[in-house]
Amino acid sequence: MKIAFDATSLCRKTTGIEYYAFNLLKHLLAENTATRFIVLCKESIKPELEVFRGKAEFIVCPSTSQLYCEQVWIPSVLRKLQPDLVHFPAFPPGLLVSVPHVMTIHDATMWKYPETTSWKNKLYMKPLSELALRRAKCIITVSESSREDISRYTGMAKSRIVNTYESINERFRVIADKKKLSDDLERRMKKVDPSWVMPKKFILSVGSFEPRKNLKILLEAFALLKQQSGFEHKLVLIGRKAWGNASVMNKITELGLSADMLMTGHLSDEDLVVFYNLADVFVY
């Protein structure tokens, strides 16, 4: 059997969907003994996948254009190679993809909460995803809640939606020596910003700064807690600034929370592990 895997999302900064695509591909290749895998990449091959060169054929798009890659290059490569199946774990298949394929849709946000998505999402991602709902052999999702939502809001039969629960990366574990963790992190952070101070008590939230992450409600709740006498915790937000982040930043200013917060931007897995271990509360 010949299976192609769209790994073009892995050239971007790693967030939830990229973690999913990378770890799924890594484990598929590690366990593979008979299937021939074709891995479609953009810009370069992710270094951590180089070890699998003997188990898969890696093909790299010659253009940095996402639009060209999705709508021209991938359909062209697939027409030439004619795999038995293609998995699109992050982006929907292009208009001209004609070979059998499956797609992962992580949630029904674009249908359930359209007001929280960008115009690019509304004009490009949503129509392509709806086309995939009609043409794909099946849709993969990652929770029973998402399976229910996708079926309810798109009209797709539940029998064509497969729920495959996600697991946890092995590096995310409980570490006993909290002081060493804190000292090591502070030392790394000070190399980037000498004024950086590790908060002693904090509430943690991880995710991109965008409306669908519901950060405004978190900020309002945190502001109420800060009004209580003796509440010492800071709020740590980890994630990249995405579409609509201005409304989040405005809310921070409006509530006067700047001095009580730490916004780190995108962090490495190594640093994320530390923040998860040291947080008193995690809010999702």
Side-chain angles (χ1 to χ4, degrees), residues 3-31 37-53 56 58-61 63-71 73-74 86-94 101-110 116-118 120-121 124-126 128-129 132 139-143 146 164-172 204-213 215 237-245 264-273 275-276 284:
I3 296 178
F5 191 97
D6 175 19
T8 57
S9 64
L10 300 186
C11 67
R12 309 191 307 176
K13 269 188 176 176
T14 304
T15 58
I17 288 176
E18 291 78 32
Y19 275 116
Y20 166 85
F22 169 70
N23 282 291
L24 177 60
L25 177 59
K26 182 179 74 170
H27 287 281
L28 283 171
L29 294 178
E31 298 296 325
F37 273 96
I38 301 160
V39 182
L40 307 178
C41 305
K42 181 169 170 279
E43 297 180 25
S44 63
I45 301 170
K46 196 170 179 68
E48 296 91 332
L49 296 175
E50 291 283 356
V51 68
F52 297 112
R53 273 189 177 274
F58 290 84
I59 306 174
V60 181
C61 179
S63 171
T64 58
S65 166
Q66 189 67 36
L67 187 63
Y68 172 83
C69 183
E70 291 175 7
Q71 299 298 332
W73 182 73
I74 290 178
V86 189
H87 186 180
F88 292 91
F91 304 131
H101 56 273
V102 298
M103 176 190 173
T104 299
I105 297 179
H106 292 261
D107 56 54
T109 298
M110 65 180 85
T116 68
T117 60
S118 67
K120 177 186 174 184
N121 191 302
Y124 182 74
M125 297 291 286
K126 187 179 177 184
L128 283 177
S129 297
I139 295 296
I140 297 170
T141 194
V142 296
S143 73
S146 289
T164 59
Y165 291 113
E166 294 171 313
S167 187
I168 301 169
N169 190 308
E170 58 272 11
R171 73 177 66 200
F172 289 96
L204 175 66
S205 186
V206 179
S208 53
F209 288 23
E210 55 184 309
R212 70 190 183 93
K213 298 298 183 180
L215 287 173
L237 299 182
I238 297 176
R240 65 182 177 88
K241 291 182 180 179
W243 174 82
N245 73 85
T264 69
H266 186 271
L267 290 182
S268 67
D269 282 0
E270 181 184 14
D271 290 337
L272 265 179
V273 170
F275 274 104
Y276 277 125
Y284 183 69

* Rounded to the nearest 0.5 Å, how far does CG of L267 lie from CG of L272? -> 5.5 Å

* Hey, does Y276 have a side-chain heavy atom less than 4.5 Å from the side chain of V206? -> yes

* Asked: Is there side-chain contact between I38 and I3, with heavy atoms separated by less than 4.5 Å?
  -> no

* From T141 atom OG1 to D107 atom CG, the distance as rounded to the nearest 0.5 Å -> 7.5 Å

* To do: Mind listing the closest non-hydrogen atom pair of T8 and C41 along with its distance?
  => CG2-C, 3.9 Å

* To do: Verify the distance criterion only: is there a donor paired with an acceptor across the side chains of Y20 and T104 at less than 3.5 Å?
  => yes

* To do: Determine, stepwise, if the pair L128 / Q71 fulfils side chain to side chain contact (heavy atoms under 4.5 Å, CB included).
  => CA-CA 11 Å; L128 283 177; Q71 299 298 332; 3.4 Å; yes

* Minimum-distance pair of heavy atoms, taken over all atoms of T117 and M110 -> CG2-CA, 4.1 Å

* To do: First locate atom CD1 of I168, then atom CG of N23, and finally report the distance between them rounded to the nearest 0.5 Å.
  => 11.5 Å

* Asked: Is there side-chain contact between L40 and I74, with at least one heavy-atom pair below 4.5 Å?
  -> yes

* **Which atom of W73 lies closest to which atom of V60, heavy atoms considered** => CZ2-C, 3.6 Å

* Step by step, would you call I59 with V39 a side chain to side chain contact (heavy atoms under 4.5 Å, CB included)? -> CA-CA 6 Å; I59 306 174; V39 182; over 6 Å; no

* Non-hydrogen side-chain atoms of F91 and M103 separated by less than 4.5 Å -> no

* **Side-chain heavy-atom pair I140, H106 within 4.5 angstrom cut-off** => no

* Measure across L215 and S205 and return the closest heavy-atom pair with its distance rounded to 0.1 Å. => CD2-OG, 4.2 Å

* Does the side chain of L24 come within less than 4.5 Å of H87's, by heavy atoms? -> yes

* Asked: What is the minimum heavy-atom distance between A21 and F5, and which atoms define it?
  -> O-CZ, 3.6 Å

* Is the cationic atom of K26 (NZ for Lys, CZ for Arg) positioned less than 6.0 Å from the six-membered ring centroid of F52 and within 45 degrees of its normal? -> no

* Asked: Can you name the nearest heavy-atom pair linking A56 to L29, along with the distance?
  -> CB-CD2, 3.8 Å

* Answer yes or no: is there a side-chain heavy-atom contact under 4.5 Å between L25 and L49? => yes

* Does K42 reach the main-chain N or O of T64 with its side chain, forming a donor-acceptor pair under 3.5 Å? -> yes

* Report, as yes or no, whether the 6.0 Å neighbourhood of atom CD on E170 holds more than 12 heavy atoms from other residues, nucleotides or ligands. => yes

* Is it true that a side-chain atom of S129 and a backbone atom of M125 form a donor plus acceptor pair closer than 3.5 Å? -> yes

* Asked: Which value, rounded to the nearest 0.5 Å, describes the distance between S9 atom OG and K46 atom NZ?
  -> 9.0 Å

* Note, E70 side chain near Y124 side chain (heavy atom, < 4.5 Å) -> yes

